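Please read these numbers as outputs of a predicted model, since none were measured by experiment. So that the names make sense, note that chain A is the first sequence line, chain B the second, and so on, each numbered from 1.
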2 protein chains.
Amino acid sequence: MTAPPRRRTKARDPQGTRRALKEAATTLFARRGFAGATADRIARKAGVNKAMINYHFGGKRGLYSAIVRESFGTLLDRLRGAVDEEAAPADQLRGFIATFAEMAQGLPDLPAMLLREMMAGGEHRDLDREVFEFLPQILGTVRGVLEAGIRDGSFRAVNPLLTHLSMIGGLMFFFATDEFRRRALAEMKHAPAPPSAADFVSHLQDVMTRGIVAERHAAARKR
Amino acid sequence: MTAPPRRRTKARDPQGTRRALKEAATTLFARRGFAGATADRIARKAGVNKAMINYHFGGKRGLYSAIVRESFGTLLDRLRGAVDEEAAPADQLRGFIATFAEMAQGLPDLPAMLLREMMAGGEHRDLDREVFEFLPQILGTVRGVLEAGIRDGSFRAVNPLLTHLSMIGGLMFFFATDEFRRRALAEMKHAPAPPSAADFVSHLQDVMTRGIVAERHAAARKR
DNA sequence: GTCTATAGGCTGATAGAC
DNA sequence: GTCTATCAGCCTATAGAC
């Protein structure tokens, strides 16, 4: 095995530089927004020279775009893979929620970054086009599950878009504000312990599936 | 009636200046974040001179603080008033959701601004202290309703914090991303019409109350 | 209270050595 | 590929006339 060249300053692995920049930038963009995350801070956090942002990504905006693009791609791939079409619709929905949570834990800054992107409301027009193409596909995945459940009589005739929004909304909010909640609860007296992701997942799974099961079906399930 | 002095440039009503600045700033802070909303843009949008930000609020950060403080205050007051303790817990919960939505429609930029504040995760340390004091009070309101419902047997024994989070999360997400959704759906082919706030409210009311009703109770309600 | 002019700092990006 | 040095532009905030 040839040991990797551990030089500190020069001619390091370019992929490593790119990755370090993307990781540092994701955290800073998530917490401070595009304008609030300065190129200088990003580079310092990544342990990389500032000029590398321009060399590798053609500027701060290019770095941002690369992250958003890849983030949405990762998100979509995993969510699609999560839905096991052999399973009962209610279990597919549970799987979707669990998978979203796993991804959010693996990439903790992603939900906040995506939320910020959506809240910009179409200011970054060039970026939005790309984002717009991912969204219907995620919606389509959830919609498929819901329609299957409605068809086989296990779900009542809920509106798929609204159901999708309340589910994704709860998830995005929980994970985007996770660190805030931790700090806020720590400073409060008589505060409950910060809930774990697992706690929230099973709560949301329960509320969502109970919230949309068909009445007959719910009654039949009872013993 | 003495007509209001319609001078364009000089010695206008100072309260009007303050209000115009806060309104313009709320929109820009919501869409672009604190750093992304420049004092110049805020002043131009408000139709007011840039220096007025410093005169009236002691700087951009002071303007931001004033808005966050007042926003949380308004939010809390209205949400408290929404819960009619005479009503059944399920109806109190429905009332809470409806009131949050009304407020969000009256102040459409508020949810995004508050979400951004939370996502900063404790960067604005001076501000956060104030924000931290409001949150337990809002949580307390919801918790009271849930505990009453659990006590009288109409709700199952759900975790109040988790229930609060999934409800508030769905609401915040829906309203913070409303404009984005409108634009995104408009550019998509075969897209459903953007859902109205009223649609989302009744959907969330249904899913939440069905999701947490006690099983017996749910069965008893069925005809 | 409002305005103009300007100071002073920080930001993103580039040129050019290595 | 990486680094240092540097520039032009923009940003917040203030001084001072009105």
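Under the 30°/60° scheme for interplanar angles, the aromatic rings of A/Phe29 and A/Tyr64 are found to stand perpendicular.
Remark: B/Arg181 qualifies as a cation-pi partner of B/Phe174 under the 6.0 Å distance and 45° angle criteria applied to the six-membered ring.
Side-chain proximity of A/Thr38 to the nucleotides D/dG1, C/dT11, D/dT12 is greatest for C/dT11. Here the nucleotide nearest the side chain of B/Asn54, chosen from C/dA15, C/dA13, D/dT14, is D/dT14. Comparing D/dC3, D/dG1, C/dG12 against the side chain of A/His56 picks out D/dG1 as the nearest.
In this structure, A/Lys60 places its NZ atom 12 Å from C1' of C/dC10, rounding to the nearest Å. For B/Phe57 and D/dT14, the CZ to P distance is 16 Å, given to the nearest whole Å. Atom CG of B/Asn49 is separated from atom C1' of D/dG16 by 14 Å (rounded to the nearest Å).
Recorded end-axis angle for the helix from C/dG1-D/dC18 to C/dC18-D/dG1 stands at 0°, based on five pairs per end and rounded to 10 degrees.
In this structure the side chain of B/Phe200 reaches within 4.5 angstrom of the side chain of B/Leu171, judged on heavy atoms.
Taking 4.0 Å as the cut-off between side-chain N and carboxylate O, B/Glu102 and B/Arg78 do not count as a salt-bridged pair.
Taking the six-membered ring for Trp and the full ring otherwise, the centers of B/Phe173 and A/Phe173 sit at least 6.0 Å from each other.
The side chain of A/Thr17 places no N or O atom within less than 4.0 Å of a non-bridging phosphate oxygen (OP1 or OP2) of D/dG1.
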Enumerate donor-acceptor pairs with a distance under 3.5 Å from any side-chain N or O in residues 45-57 of chain A to protein atoms, sequence neighbours excluded.
unit_1	atom_1	unit_2	atom_2	d
A/Asn49	OD1	A/Ala51	N	2.9

